[in-house]
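Accompanying notes for the structure given below.
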Amino acid sequence: MNGNRILSYALALIAAVIFSCSAHAQELRCTAEVNSQKIEGTNKSVFDNLQESINSYMNETKFSDYTFSPTEKIECRIFLTVSEYNDDRIKGDLQVQLIRPVYNSTYTTTLFNFKDNKVEFSYRDGDPLIYNAQQPENNLTAILDYYAYLILAIDFDTFSLKGGQRFYDKAQSIVQYQQSSGEIGWRTFEDNRNRAAVLSTYTDTNTSGIRDMLYKYHRKGLDEMVTSPDKGRAAITESLGELKKVYDAAPMSVALSIFRDSKLDELVNVYSKAPESERTAVYDLLQPIYPTESQRLNKIKNPEETR
(Lines give C-alpha, C1' and ligand atoms only; values in the text may rest on other atoms or scores of the structure.)
Protein backbone atom coordinates (compact mmCIF):
# COMPACT_ATOMS: atom_id res chain seq x y z
CA MET A 1 0.00 0.00 0.00
CA ASN A 2 1.62 3.27 -1.11
CA GLY A 3 1.73 6.50 0.90
CA ASN A 4 -1.29 8.08 -0.79
CA ARG A 5 -3.40 5.01 -0.17
CA ILE A 6 -2.33 4.88 3.47
CA LEU A 7 -3.23 8.55 3.89
CA SER A 8 -6.60 8.07 2.17
CA TYR A 9 -7.35 5.04 4.33
CA ALA A 10 -6.41 6.93 7.51
CA LEU A 11 -8.57 9.91 6.59
CA ALA A 12 -11.51 7.65 5.77
CA LEU A 13 -11.10 5.87 9.10
CA ILE A 14 -10.98 9.16 11.00
CA ALA A 15 -14.07 10.39 9.15
CA ALA A 16 -15.91 7.19 9.99
CA VAL A 17 -15.05 7.53 13.67
CA ILE A 18 -16.10 11.18 13.74
CA PHE A 19 -19.36 10.35 11.98
CA SER A 20 -20.02 7.47 14.36
CA CYS A 21 -19.45 9.67 17.40
CA SER A 22 -21.58 12.50 16.04
CA ALA A 23 -24.37 10.07 15.18
CA HIS A 24 -24.44 9.02 18.82
CA ALA A 25 -24.12 12.55 20.20
CA GLN A 26 -27.61 13.82 19.50
CA GLU A 27 -30.02 13.74 22.41
CA LEU A 28 -33.38 12.96 20.83
CA ARG A 29 -35.05 10.02 19.16
CA CYS A 30 -37.95 11.92 17.70
CA THR A 31 -40.78 10.73 15.49
CA ALA A 32 -42.41 13.60 13.60
CA GLU A 33 -45.57 13.33 11.54
CA VAL A 34 -47.33 15.96 9.45
CA ASN A 35 -51.04 15.46 8.82
CA SER A 36 -52.39 17.49 5.89
CA GLN A 37 -55.75 15.77 5.40
CA LYS A 38 -57.60 19.05 5.97
CA ILE A 39 -55.84 20.65 3.01
CA GLU A 40 -57.31 20.11 -0.44
CA GLY A 41 -56.08 21.03 -3.90
CA THR A 42 -52.42 21.28 -2.92
CA ASN A 43 -49.41 19.25 -3.94
CA LYS A 44 -48.94 17.13 -0.82
CA SER A 45 -45.21 16.72 -1.46
CA VAL A 46 -44.60 19.96 0.43
CA PHE A 47 -45.92 18.32 3.59
CA ASP A 48 -43.96 15.14 2.98
CA ASN A 49 -40.81 17.21 2.64
CA LEU A 50 -41.69 19.22 5.73
CA GLN A 51 -42.13 16.01 7.72
CA GLU A 52 -38.77 14.71 6.53
CA SER A 53 -37.10 18.03 7.37
CA ILE A 54 -38.54 18.12 10.90
CA ASN A 55 -37.46 14.53 11.53
CA SER A 56 -33.95 15.30 10.33
CA TYR A 57 -33.76 18.52 12.33
CA MET A 58 -34.88 17.00 15.63
CA ASN A 59 -32.80 13.84 15.30
CA GLU A 60 -29.60 15.26 13.82
CA THR A 61 -29.26 18.54 15.72
CA LYS A 62 -27.11 18.52 18.83
CA PHE A 63 -28.92 20.75 21.34
CA SER A 64 -26.40 20.45 24.18
CA ASP A 65 -22.84 19.40 24.98
CA TYR A 66 -24.01 16.10 26.45
CA THR A 67 -23.24 12.91 24.57
CA PHE A 68 -25.98 10.31 24.44
CA SER A 69 -25.52 6.68 23.45
CA PRO A 70 -28.23 5.19 21.20
CA THR A 71 -29.89 3.54 24.23
CA GLU A 72 -29.91 6.80 26.19
CA LYS A 73 -31.63 8.96 23.60
CA ILE A 74 -34.82 10.68 24.72
CA GLU A 75 -37.93 9.41 22.99
CA CYS A 76 -40.41 12.04 21.84
CA ARG A 77 -43.14 12.47 19.26
CA ILE A 78 -44.38 15.46 17.32
CA PHE A 79 -47.66 15.47 15.42
CA LEU A 80 -48.32 18.55 13.29
CA THR A 81 -51.87 18.84 11.98
CA VAL A 82 -52.10 21.43 9.22
CA SER A 83 -55.39 23.33 9.10
CA GLU A 84 -54.46 26.10 6.63
CA TYR A 85 -51.86 26.52 3.89
CA ASN A 86 -51.78 29.75 1.89
CA ASP A 87 -48.89 31.60 0.27
CA ASP A 88 -46.27 29.41 1.98
CA ARG A 89 -47.89 30.08 5.35
CA ILE A 90 -48.81 27.06 7.45
CA LYS A 91 -51.25 27.14 10.37
CA GLY A 92 -52.25 24.26 12.60
CA ASP A 93 -51.65 22.59 15.92
CA LEU A 94 -48.76 20.61 17.31
CA GLN A 95 -49.10 17.65 19.68
CA VAL A 96 -45.88 17.02 21.62
CA GLN A 97 -45.26 13.90 23.69
CA LEU A 98 -42.25 12.93 25.79
CA ILE A 99 -41.64 9.32 26.86
CA ARG A 100 -39.29 8.02 29.56
CA PRO A 101 -38.26 4.45 30.32
CA VAL A 102 -38.73 3.21 33.86
CA TYR A 103 -35.56 1.83 35.44
CA ASN A 104 -35.08 -1.92 35.27
CA SER A 105 -38.29 -2.56 33.35
CA THR A 106 -39.77 -2.54 29.87
CA TYR A 107 -42.39 0.00 30.98
CA THR A 108 -42.36 3.53 29.59
CA THR A 109 -44.12 6.51 31.11
CA THR A 110 -45.38 9.73 29.53
CA LEU A 111 -43.74 12.84 30.98
CA PHE A 112 -45.35 15.47 28.78
CA ASN A 113 -48.40 15.43 26.54
CA PHE A 114 -49.50 18.80 25.21
CA LYS A 115 -51.30 20.23 22.19
CA ASP A 116 -50.02 23.61 21.03
CA ASN A 117 -52.89 25.31 19.20
CA LYS A 118 -50.89 28.43 18.33
CA VAL A 119 -48.68 27.12 15.54
CA GLU A 120 -48.05 29.33 12.52
CA PHE A 121 -44.93 29.61 10.39
CA SER A 122 -43.74 30.31 6.88
CA TYR A 123 -42.33 27.40 4.90
CA ARG A 124 -41.49 27.00 1.22
CA ASP A 125 -41.08 23.54 -0.19
CA GLY A 126 -37.42 22.60 0.05
CA ASP A 127 -36.46 25.27 2.59
CA PRO A 128 -33.63 23.92 4.77
CA LEU A 129 -34.10 23.97 8.53
CA ILE A 130 -30.91 25.39 10.02
CA TYR A 131 -30.06 25.29 13.72
CA ASN A 132 -28.63 28.46 15.23
CA ALA A 133 -27.66 28.17 18.88
CA GLN A 134 -27.63 31.94 19.34
CA GLN A 135 -31.04 32.80 17.92
CA PRO A 136 -33.60 30.91 15.81
CA GLU A 137 -33.44 31.31 12.05
CA ASN A 138 -37.26 31.49 11.75
CA ASN A 139 -40.44 30.74 13.66
CA LEU A 140 -40.50 27.05 12.70
CA THR A 141 -37.00 26.40 14.03
CA ALA A 142 -37.85 28.53 17.08
CA ILE A 143 -40.82 26.27 17.85
CA LEU A 144 -38.74 23.12 17.33
CA ASP A 145 -35.86 24.46 19.43
CA TYR A 146 -38.24 25.48 22.21
CA TYR A 147 -39.78 22.02 22.46
CA ALA A 148 -36.38 20.32 22.16
CA TYR A 149 -35.10 22.30 25.14
CA LEU A 150 -38.32 21.77 27.09
CA ILE A 151 -38.11 18.03 26.44
CA LEU A 152 -34.51 17.98 27.66
CA ALA A 153 -35.40 20.06 30.72
CA ILE A 154 -38.30 17.86 31.80
CA ASP A 155 -36.40 14.63 31.16
CA PHE A 156 -33.37 15.80 33.15
CA ASP A 157 -35.66 16.92 36.00
CA THR A 158 -36.87 13.33 36.39
CA PHE A 159 -33.35 12.00 36.96
CA SER A 160 -31.99 14.64 39.34
CA LEU A 161 -33.71 17.31 41.40
CA LYS A 162 -34.07 20.41 39.20
CA GLY A 163 -31.52 18.87 36.87
CA GLY A 164 -32.99 20.51 33.77
CA GLN A 165 -32.39 24.14 34.73
CA ARG A 166 -29.94 24.95 31.94
CA PHE A 167 -32.49 23.81 29.36
CA TYR A 168 -35.33 25.83 30.88
CA ASP A 169 -32.98 28.80 30.58
CA LYS A 170 -32.42 28.03 26.90
CA ALA A 171 -36.16 27.73 26.30
CA GLN A 172 -36.68 31.02 28.13
CA SER A 173 -34.20 32.80 25.88
CA ILE A 174 -36.14 31.60 22.82
CA VAL A 175 -39.44 32.80 24.30
CA GLN A 176 -37.96 36.21 25.05
CA TYR A 177 -36.42 36.52 21.60
CA GLN A 178 -39.58 35.46 19.78
CA GLN A 179 -41.84 37.79 21.73
CA SER A 180 -40.66 40.63 19.50
CA SER A 181 -41.15 38.61 16.31
CA GLY A 182 -44.87 39.30 15.98
CA GLU A 183 -45.60 35.56 15.81
CA ILE A 184 -48.38 34.13 17.97
CA GLY A 185 -47.86 31.69 20.82
CA TRP A 186 -44.93 33.45 22.47
CA ARG A 187 -46.32 36.45 24.27
CA THR A 188 -46.76 36.42 28.03
CA PHE A 189 -50.43 36.75 29.07
CA GLU A 190 -51.57 36.17 25.47
CA ASP A 191 -53.41 33.16 26.88
CA ASN A 192 -52.79 30.62 29.63
CA ARG A 193 -51.88 27.71 27.33
CA ASN A 194 -49.33 29.13 24.92
CA ARG A 195 -45.60 28.42 24.90
CA ALA A 196 -44.80 31.25 27.31
CA ALA A 197 -47.40 29.94 29.74
CA VAL A 198 -46.19 26.35 29.52
CA LEU A 199 -42.62 27.37 30.27
CA SER A 200 -43.74 29.64 33.13
CA THR A 201 -45.53 26.80 34.85
CA TYR A 202 -42.16 25.06 35.28
CA THR A 203 -40.15 28.17 36.17
CA ASP A 204 -42.40 30.55 38.13
CA THR A 205 -42.00 30.34 41.90
CA ASN A 206 -45.70 29.69 42.55
CA THR A 207 -45.88 26.63 40.31
CA SER A 208 -42.30 25.38 39.98
CA GLY A 209 -43.05 22.71 42.59
CA ILE A 210 -44.15 20.69 39.58
CA ARG A 211 -40.42 20.12 38.99
CA ASP A 212 -40.01 18.62 42.47
CA MET A 213 -42.91 16.35 41.62
CA LEU A 214 -41.23 15.24 38.40
CA TYR A 215 -38.23 13.99 40.36
CA LYS A 216 -40.14 12.42 43.25
CA TYR A 217 -42.76 10.79 41.04
CA HIS A 218 -40.32 9.26 38.57
CA ARG A 219 -36.90 8.76 40.17
CA LYS A 220 -38.13 8.06 43.70
CA GLY A 221 -41.46 6.57 42.65
CA LEU A 222 -41.77 4.66 39.40
CA ASP A 223 -38.09 3.69 39.28
CA GLU A 224 -38.39 2.21 42.78
CA MET A 225 -41.66 0.38 42.17
CA VAL A 226 -39.94 -2.34 40.16
CA THR A 227 -38.07 -3.62 43.22
CA SER A 228 -40.21 -2.14 46.01
CA PRO A 229 -43.81 -1.44 44.93
CA ASP A 230 -44.96 -0.08 48.30
CA LYS A 231 -41.95 2.22 48.70
CA GLY A 232 -42.22 3.54 45.14
CA ARG A 233 -45.96 4.08 45.36
CA ALA A 234 -45.54 5.95 48.67
CA ALA A 235 -43.11 8.33 46.95
CA ILE A 236 -45.62 8.92 44.16
CA THR A 237 -48.34 9.63 46.72
CA GLU A 238 -46.05 12.12 48.45
CA SER A 239 -45.19 13.78 45.15
CA LEU A 240 -48.85 14.49 44.43
CA GLY A 241 -48.76 16.97 47.27
CA GLU A 242 -46.75 19.23 44.95
CA LEU A 243 -49.61 19.09 42.45
CA LYS A 244 -51.98 20.26 45.18
CA LYS A 245 -49.67 23.21 45.89
CA VAL A 246 -49.73 24.17 42.21
CA TYR A 247 -53.53 24.01 42.21
CA ASP A 248 -53.78 26.15 45.35
CA ALA A 249 -51.43 28.77 43.89
CA ALA A 250 -52.71 28.77 40.28
CA PRO A 251 -55.90 26.73 39.74
CA MET A 252 -55.89 27.59 36.02
CA SER A 253 -52.27 26.56 35.47
CA VAL A 254 -51.62 24.60 32.30
CA ALA A 255 -49.46 22.28 34.42
CA LEU A 256 -52.63 20.71 35.78
CA SER A 257 -53.98 19.77 32.35
CA ILE A 258 -50.56 18.51 31.25
CA PHE A 259 -50.46 16.24 34.30
CA ARG A 260 -54.02 15.07 33.64
CA ASP A 261 -53.29 14.16 30.03
CA SER A 262 -50.00 12.47 30.92
CA LYS A 263 -50.69 10.71 34.19
CA LEU A 264 -54.30 10.04 35.22
CA ASP A 265 -54.59 6.75 33.37
CA GLU A 266 -51.22 5.68 34.75
CA LEU A 267 -52.32 6.42 38.31
CA VAL A 268 -55.19 3.98 37.92
CA ASN A 269 -52.58 1.24 37.44
CA VAL A 270 -50.22 2.57 40.11
CA TYR A 271 -52.89 2.34 42.81
CA SER A 272 -54.65 -0.79 41.59
CA LYS A 273 -53.09 -2.83 44.41
CA ALA A 274 -52.73 -0.07 47.01
CA PRO A 275 -54.41 -0.20 50.43
CA GLU A 276 -57.85 1.40 50.56
CA SER A 277 -56.65 4.20 52.82
CA GLU A 278 -53.98 5.20 50.29
CA ARG A 279 -56.38 5.06 47.36
CA THR A 280 -58.90 7.19 49.24
CA ALA A 281 -56.26 9.77 50.15
CA VAL A 282 -55.17 10.09 46.52
CA TYR A 283 -58.78 10.35 45.35
CA ASP A 284 -59.52 13.08 47.92
CA LEU A 285 -56.45 15.02 46.77
CA LEU A 286 -57.17 14.77 43.04
CA GLN A 287 -60.96 15.14 43.01
CA PRO A 288 -61.07 18.92 43.72
CA ILE A 289 -58.38 19.47 41.08
CA TYR A 290 -60.15 17.38 38.42
CA PRO A 291 -63.87 17.49 39.25
CA THR A 292 -64.86 16.47 35.70
CA GLU A 293 -62.67 13.33 35.75
CA SER A 294 -64.88 11.34 38.10
CA GLN A 295 -64.80 8.19 35.95
CA ARG A 296 -61.03 7.87 36.01
CA LEU A 297 -60.71 9.00 39.62
CA ASN A 298 -63.30 6.45 40.72
CA LYS A 299 -61.08 3.77 39.18
CA ILE A 300 -58.34 4.89 41.56
CA LYS A 301 -60.62 4.84 44.58
CA ASN A 302 -62.44 1.62 43.75
CA PRO A 303 -60.35 -0.47 41.33
CA GLU A 304 -62.34 -3.63 42.06
CA GLU A 305 -65.46 -2.04 40.56
CA THR A 306 -63.75 -1.61 37.19
CA ARG A 307 -62.63 -5.21 36.76
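Computation of the quantities below employed the complete heavy-atom set of this structure, encompassing side-chain atoms and omitting hydrogens, waters and symmetry-equivalent molecules.
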Output field: ring centroids F156/Y66 closer than 6.0 Å: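 Distance test on ring centres: under 6.0 Å, yes.
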Mind checking whether F63 and F167 have ring centres under 6.0 Å apart?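 No - the distance between ring centres of F63 and F167 does not fall below the 6.0 Å cut-off.
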[X] versus [Y]: any side-chain heavy-atom pair under 4.5 Å?
X    : Y    : answer
S56  : L129 : no
Y147 : L94  : yes
T158 : D223 : no
T203 : S208 : no
Q172 : Y149 : no
I236 : V282 : no
L140 : Y57  : no
V96  : L150 : no

Restricting to non-hydrogen atoms, name the atom on [X] and the atom on [Y] that form the minimum distance, rounded to 0.1 Å.
X    : Y    : answer
T141 : E137 : OG1-N, 3.3 Å
S239 : K216 : CB-CB, 3.6 Å
M58  : A148 : CE-CB, 4.1 Å
T207 : A250 : CG2-CB, 3.8 Å
P303 : R279 : CD-NE, 3.2 Å
E224 : K220 : CG-O, 3.2 Å

Inter-residue atom distance [X].[atom1] - [Y].[atom2], 0.5 Å rounding:
X    : Y    : atom1 : atom2 : answer
Y283 : L297 : OH    : CG    : 6.5 Å
N59  : T31  : CG    : OG1   : 7.0 Å
N138 : S181 : CG    : OG    : 10.5 Å
D145 : Y131 : CG    : OH    : 6.0 Å
I289 : S257 : CD1   : OG    : 12.5 Å
D116 : D93  : CG    : CG    : 8.0 Å

Report yes or no: do [X] and [Y] belong to one cluster of Ile/Leu/Val/Met/Phe/Trp/Tyr joined by side chain heavy-atom distances under 4.5 Å?
X    : Y    : answer
L98  : Y103 : no
I99  : I154 : no
I184 : V175 : no
I90  : I130 : no
M213 : F159 : no

Distance-only polar pair, side chains of [X] and [Y], donor-acceptor under 3.5 Å:
X    : Y    : answer
Y123 : N139 : no
S64  : E27  : yes
Q51  : N55  : no
E266 : T110 : no
K263 : T109 : yes

Indicate yes or no: does [X] engage [Y] in a salt bridge with an N to O separation below 4.0 Å.
X    : Y    : result
K245 : D212 : no
D261 : K115 : no
K301 : E293 : no
D265 : R296 : yes

Short question: side chain of [X], backbone of [Y] - any donor-acceptor pair under 3.5 Å?
X    : Y    : answer
D204 : N206 : no
R211 : K162 : yes
D87  : R89  : no

Give every donor-acceptor pair under 3.5 Å between a side-chain atom in residues 76-84 and any protein atom, sequence neighbours left out.
unit_1: R77; atom_1: NH2; unit_2: E75; atom_2: OE2; d: 3.2
unit_1: S83; atom_1: OG; unit_2: K91; atom_2: O; d: 3.1

Residues E242, V246; criterion side chain to side chain contact (heavy atoms under 4.5 Å, CB included); working and verdict: CA-CA 6 Å; E242 299 293 342; V246 171; 5.7 Å; no
Test salt bridge (Lys or Arg N to Asp or Glu O under 4.0 Å) applied to D230 and R233, step by step: CA-CA 5 Å; D230 292 343; R233 192 176 61 246; 3.0 Å; yes
Quick one: do D155 and F112 satisfy side chain to side chain contact (heavy atoms under 4.5 Å, CB included)? Show the steps, please. CA-CA 9 Å; D155 184 79; F112 183 77; over 6 Å; no
Can you name the residues that form a ring-ring contact (aromatic ring centres under 6.0 Å, His included) with Y168, not counting sequence neighbours?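 With sequence neighbours excluded, Y168 shows a ring-ring contact (aromatic ring centres under 6.0 Å, His included) to Y202, given in chain and number order.
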Take Y247 and L285 through the test side chain to side chain contact (heavy atoms under 4.5 Å, CB included) and record every step on the way to the result. CA-CA 10 Å; Y247 175 73; L285 184 150; over 6 Å; no
Hey, is NZ on K44 packed in by over 12 heavy atoms from elsewhere, all under 6.0 Å?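 Yes, NZ of K44 has more than 12 neighbouring heavy atoms, counting only those of other groups under 6.0 Å.
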If you count the non-hydrogen atoms of other residues, nucleotides and ligands that lie under 6.0 Å from CD in Q165, is the total more than 12?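 Buried by this count: over 12 neighbours within 6.0 Å.
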Might you work through the side chain to side chain contact (heavy atoms under 4.5 Å, CB included) test for I258 and V198, ending with a clear yes or no? CA-CA 9 Å; I258 291 173; V198 170; 4.3 Å; yes
Stepwise, does the side chain to side chain donor-acceptor pair (under 3.5 Å) test hold for E276 with N302? CA-CA 8 Å; E276 181 180 359; N302 301 300; over 6 Å; no
Taking ILVMFWY side chains as joined if any heavy atoms are under 4.5 angstrom apart, and letting links pass through other members, which residues group with Y215?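 When side chains under 4.5 Å apart are linked, the cluster holding Y215 also contains L161.
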